[in-house]
Trainee: 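Quick one: structure below, then a few questions.
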Amino acid sequence: MATIFTAVGFMAALGLLLALILVLANRRLYVYEDPRIDQVEELLPRANCGACGTAGCRPFAEMLVKGEIAPGRCTVNSKAMNQVIADFLGVELGAGEKRVARLACAGGSHVAYLRAVYGGMESCRAAALVSGGGKGCSWGCLGMGDCAEVCEFDAIRLDRHGLPVVDEDKCTACGDCVTVCPKGLFSLHPVSHRLWVACKNLDPGDEAEHQCEVVCTACGRCAQDSPEGLIRIQNNLATVDYAKNDLASKVAIERCPTGSIVWIESDGRIVKGRDARKVVRKGALPLT
């Protein structure tokens, strides 16, 4: 009997000791978290897209409460809701320019030639492993929609020629399309970057045109017509120096013979220059 009481007493004492240790540890290791973080997070879109430059809405809320970032940096949230956050925290709204995904290719099936027919898994990544996917332009979009499939915001669709089209209103610049594209054709840009080279082909002009009708031929007319330094021809491809973006205008696209350098309007419409070759073909080009 005494043994039972001894065991019970020992267990009770041990329980009390462990409880005391837990209480002391909780006080010692407790990390205060500002309750405003939860409140601010509730006011964010909860998209966790990373467009603000953080890993998600929770880290963004933490930085907001600490005063390390402005509410306006969230370009996915509405301006009105960002103002609510700014008023709640007693800070300035700040500003953040919306970024979107841009595709450096205009070679749909009606203008870009196929050299072989790919018959495997319906995936750009899979096709790229098999001799580049069969497209004549080894830099060109394969048009199987991995980017549209991975986009959680329904911001990318394929047009009738198998070319991805980005809806700038829905795009959150999460970067998933950048990661998934095996050709590296997507990149994230501020919406103010309206002058755009829709091509990545580095082959010489004549050779490039045998592969695609809207390829950049490095003719240099865009560079000649633009303010000095805005556009350069590098490795047979026109490149825009966006550090000089305030100098950009539609003048640069007017004499482009293929229409590979374009102007993207604020509503997402793509505008080609007056000298761009008119494409009237509706169907896909035949296999060559």
Side-chain angles (χ1 to χ4, degrees), residues 47 49-53 75-76 96-108 111-112 124-125 128 135 137-159 161-202 212 214-216 218 222-223 226 230-235 237-250 252-253 256 258-273 276:
C49 60
C52 59
T75 58
V76 178
E97 185 177 7
K98 181 178 175 62
R99 295 193 304 158
V100 295
R102 294 272 166 81
L103 178 73
C105 182
V111 292
C124 298
R125 288 169 292 175
K135 202 164 189 175
C137 174
S138 59
W139 287 272
C141 174
L142 296 177
M144 296 180 188
D146 289 18
C147 51
E149 183 70 24
V150 78
C151 181
E152 296 182 3
F153 304 96
D154 195 29
I156 300 177
R157 64 174 177 83
L158 296 184
D159 67 14
H161 305 299
L163 205 62
V165 177
V166 178
D167 185 331
E168 293 192 356
D169 289 335
K170 295 181 179 180
C171 182
T172 65
C174 67
D176 286 347
C177 57
V178 177
T179 302
V180 79
C181 179
K183 301 291 185 176
L185 294 173
F186 281 101
S187 55
L188 303 179
H189 285 259
V191 291
S192 62
H193 290 182
R194 296 296 177 190
L195 187 61
W196 183 247
V197 181
C199 184
K200 285 191 72 173
N201 194 308
L202 302 181
C212 180
V214 292
V215 74
C216 175
C222 54
S226 299
L230 175 63
I231 300 178
R232 300 178 185 275
I233 304 300
Q234 299 177 320
N235 299 321
L237 183 67
T239 57
V240 179
D241 182 357
Y242 288 111
K244 301 178 180 180
N245 189 58
D246 57 327
L247 301 176
S249 73
K250 293 181 183 178
I253 73 172
C256 176
T258 64
S260 61
I261 185 167
V262 299
W263 184 266
I264 303 176
E265 297 284 12
S266 58
D267 60 3
R269 287 184 301 112
I270 295 177
V271 178
K272 296 185 178 182

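All of these numbers come straight from a predicted model, not from anything done at the bench.
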Trainee: Would a 4.5 Å heavy-atom cut-off, applied to side chains only, mark Cys256 and Cys222 as touching?
Mentor: no

Trainee: Tell me, do Phe186 and Ile156 make a side-chain contact under 4.5 Å, heavy atoms counted?
Mentor: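 Phe186 reaches Ile156 side chain to side chain.
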
Trainee: For the pair Asp241 (side chain) and Ala243 (backbone), establish whether a donor and an acceptor sit closer than 3.5 Å, ignoring hydrogens and angles.
Mentor: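 Between the backbone of Ala243 and the side chain of Asp241 there is a qualifying donor-acceptor contact (under 3.5 Å).
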
Trainee: Which atom pair, heavy atoms only, marks the closest approach of Trp139 to Lys183?
Mentor: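 Of all heavy-atom pairs spanning Trp139 and Lys183, the closest is O-CB, 3.9 Å.
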
Trainee: Applying side chain to side chain donor-acceptor pair (under 3.5 Å), name anything that partners Glu97, two or more places apart in sequence or on another chain.
Mentor: Ser192

Trainee: Given side chains that start at C-beta, do those of Val214 and Cys199 come closer than 4.5 Å, heavy atoms only?
Mentor: no

Trainee: Return yes if some donor-acceptor pair links the side-chain N/O of Asp146 with the main-chain N/O of Cys181 below 3.5 Å, else return no.
Mentor: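 Not a single qualifying donor-acceptor pair exists.
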
Trainee: Which heavy atom of Ala51 sits nearest a heavy atom of Val76, and at what distance?
Mentor: CB-CG2, 4.2 Å

Trainee: Applying the side-chain contact (heavy atoms from CB on, under 4.5 Å) criterion to Arg102, which one of Leu188, Ile264, Val166 satisfies it?
Mentor: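 Of all the options given, the one that passes is Ile264.
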
Trainee: More than 12 heavy atoms of other residues, nucleotides or ligands under 6.0 Å from CD of Glu265: is that the case?
Mentor: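 Buried by this count: over 12 neighbours within 6.0 Å.
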
Trainee: For Cys141, is there any backbone N or O sitting under 3.5 Å from a side-chain donor or acceptor partner on Lys135?
Mentor: yes

Trainee: Supply the atom-to-atom distance Lys98 NZ to Glu168 CD, rounded to the nearest 0.5 angstrom.
Mentor: 8.0 Å

Trainee: Tell me the closest heavy-atom pair linking Ala112 and Gly107, and the distance in Å.
Mentor: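 Heavy atoms only, the tightest pair is CB-O, 3.6 Å.
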
